[in-house]
K.L.:
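My questions all concern the structure below.
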Amino acid sequence: MAHGSQGHGHSHGAGHVHGSTDEKRVLIAACLTAGFMVVEALGGLLTGSLALLADAGHMLADCIALGLAWYAFHLAGRPATVRLTYGFGRVKTLVAYTNGIAIFAIALWIIYEAWERLLMPAPVLGGPMLIVAIAGLLVNIGGFFVLHGGDRDSLNMRGAILHVLGDLLGSAAAITAALIILATGWTPIDPILSVLVSLLILSTAWSLMREAAHVLLEGVPASLDRDLIARDIEGTVNGVREVHHMHVWSLDGASNMATLHACLNDGVDAHKAVSAIKKRLAAEHGIAHATVEPEFGHCADSHDGHDGEHDHAHDAAPHHGHYH
């Protein structure tokens, strides 16, 4: 079995630079969020505004989530160990998934509180609420722009941005509610806007959770087609007769990996063929690390000495039965 990672050093270097700057960005955003969270919570209690309390609740969860995101970036920089041979890169994806769950829980809590407030309306001080909400919006805009310059391919960074974006929308909703209350005195607008923001955040959180779960389940990245890649290798790499037992996945949503069996024609130099396959995967498909097993004749994993239908049917593609 041949192991290698054509181009892997370059992508690792670029990833390290991104990880270092992203770590700093997340830490700055966490400090901004934590600093204003207390102010907004006190403002919500003093003014009686559910919108402010909801946004403060978002910020409380975001402090924890951004702290976890920062720690995930910190862990990702550690080298691999004997027990964790890929290192800690996937921690970022795990944190992104956890962040999605946290956002779900907070949004559902806000919807419940809004329903209670609609059943039993409470007075809201529009003036102080407006001042606190504007200050919160400015802080959230600052945090959003700090994170916005980070690596957009990182699920962990996208999760952090989603949290701050939720806070930003919450502040905007609080400002709108305060203006309407000051102009008309209609307090139900406060819980209504809180629910609308929560529903918007729920849909985005679901998308983040789905992508993170796909990575954790080692699904094929959305930008890649396993079967097309296998056919491309068969058609472009000299000496390759067939590609099977192929798996393509992402370690953290950004670094793509693959394993495959390459059936070679008799007389082909196995080392040159494997090297050519790795170069093709890296240059044309963005797969920086690949493990390729060269074979002559029958597949080494066949139980009966040949590539039988039983060995290849359990996850075959509709148009290429020998791919795994």
Side-chain angles (χ1 to χ4, degrees), residues 24-67 69-70 99 102-111 113-114 117 122-150 152 157-205 208:
K24 293 176 182 176
R25 290 177 186 275
V26 171
L27 182 59
I28 292 172
C31 291
L32 286 174
T33 303
F36 194 76
M37 176 197 68
V38 177
V39 175
E40 194 157 40
L42 291 175
L45 291 173
L46 292 174
T47 62
S49 168
L50 179 61
L52 285 182
L53 287 175
D55 200 34
H58 272 134
M59 284 190 158
L60 174 61
D62 292 350
C63 290
I64 299 171
L66 290 170
W70 170 81
N99 278 346
I103 295 170
F104 247 79
I106 294 167
L108 291 175
W109 173 78
I110 291 171
I111 291 173
E113 288 295 321
R117 182 64 64 89
V124 179
L125 301 177
M129 174 185 173
L130 179 62
I131 295 173
V132 175
I134 291 175
L137 181 66
L138 295 176
V139 170
N140 289 324
I141 289 175
F144 179 78
F145 277 107
V146 167
L147 294 177
H148 193 262
R152 308 302 293 280
M157 176 57 75
R158 285 167 59 188
I161 291 174
L162 176 58
H163 274 284
V164 175
L165 181 60
D167 288 335
L168 198 154
L169 291 174
S171 294
I175 290 173
T176 304
L179 291 173
I180 292 175
I181 290 170
L182 286 173
T184 66
W186 192 54
T187 56
I189 189 63
D190 183 46
I192 288 173
L193 288 180
S194 299
V195 169
L196 291 177
V197 171
S198 296
L199 291 176
L200 180 62
I201 294 171
L202 277 175
S203 64
T204 314
L208 175 68

K.L.:
Nearest 0.5 angstrom please: Ile110 CD1 to Ser194 OG, how far?
P.N.:
6.5 Å
K.L.:
Please examine the side chains of Val124 and Trp186, heavy atoms only from C-beta on, and report whether any two atoms are closer than 4.5 Å.
P.N.:
no
K.L.:
With sequence neighbours left out, write down each residue that passes side chain to side chain contact (heavy atoms under 4.5 Å, CB included) with Leu32, or none if nothing qualifies.
P.N.:
Ile28, Val139
K.L.:
The criterion is side chain to side chain contact (heavy atoms under 4.5 Å, CB included); which residues satisfy it with Val164, sequence neighbours excluded?
P.N.:
Leu66, Phe144, Leu147
K.L.:
Going by heavy atoms in the side chains, are Asp190 and Met129 under 4.5 Å from each other?
P.N.:
yes
K.L.:
What pair of heavy atoms forms the shortest contact from Gly143 to Ala29, and how long is it?
P.N.:
O-CB, 4.3 Å
K.L.:
Can you name the residues that form a side chain to side chain contact (heavy atoms under 4.5 Å, CB included) with Ile131, not counting sequence neighbours?
P.N.:
none
K.L.:
How far apart are the closest heavy atoms of Ala178 and Gly126, and which atoms are they?
P.N.:
CB-O, 3.7 Å
K.L.:
What residues form a side chain to side chain contact (heavy atoms under 4.5 Å, CB included) with Ile141, not counting sequence neighbours?
P.N.:
Leu137, Phe145, Leu168
K.L.:
Which atom pair, heavy atoms only, marks the closest approach of Leu182 to Gly127?
P.N.:
CD2-N, 3.5 Å
K.L.:
CG/Leu179 to OG1/Thr184 distance, rounded to the nearest 0.5 angstrom?
P.N.:
10.5 Å
K.L.:
For Leu202 and Ile111: C-alpha separation, side-chain torsions, deciding distance, then whether side-chain contact (heavy atoms from CB on, under 4.5 Å) applies.
P.N.:
CA-CA 11 Å; Leu202 277 175; Ile111 291 173; 4.1 Å; yes
K.L.:
Quick one: closest heavy-atom pair of Val146 and Arg25, and the distance?
P.N.:
O-NH1, 2.7 Å
K.L.:
Testing the basics here: between Ala177 and Ile189, what is the closest heavy-atom pair and its distance to 0.1 Å?
P.N.:
O-CG2, 3.8 Å
K.L.:
Work out which heavy atom in Trp70 is nearest to a heavy atom in Val26; give both atom names and the distance.
P.N.:
N-CG1, 3.6 Å
K.L.:
Given side chains that start at C-beta, do those of Thr47 and Val132 come closer than 4.5 Å, heavy atoms only?
P.N.:
no
K.L.:
Measuring from Leu125:CG to Ile181:CD1, what's the distance to the nearest 0.5 Å?
P.N.:
9.5 Å
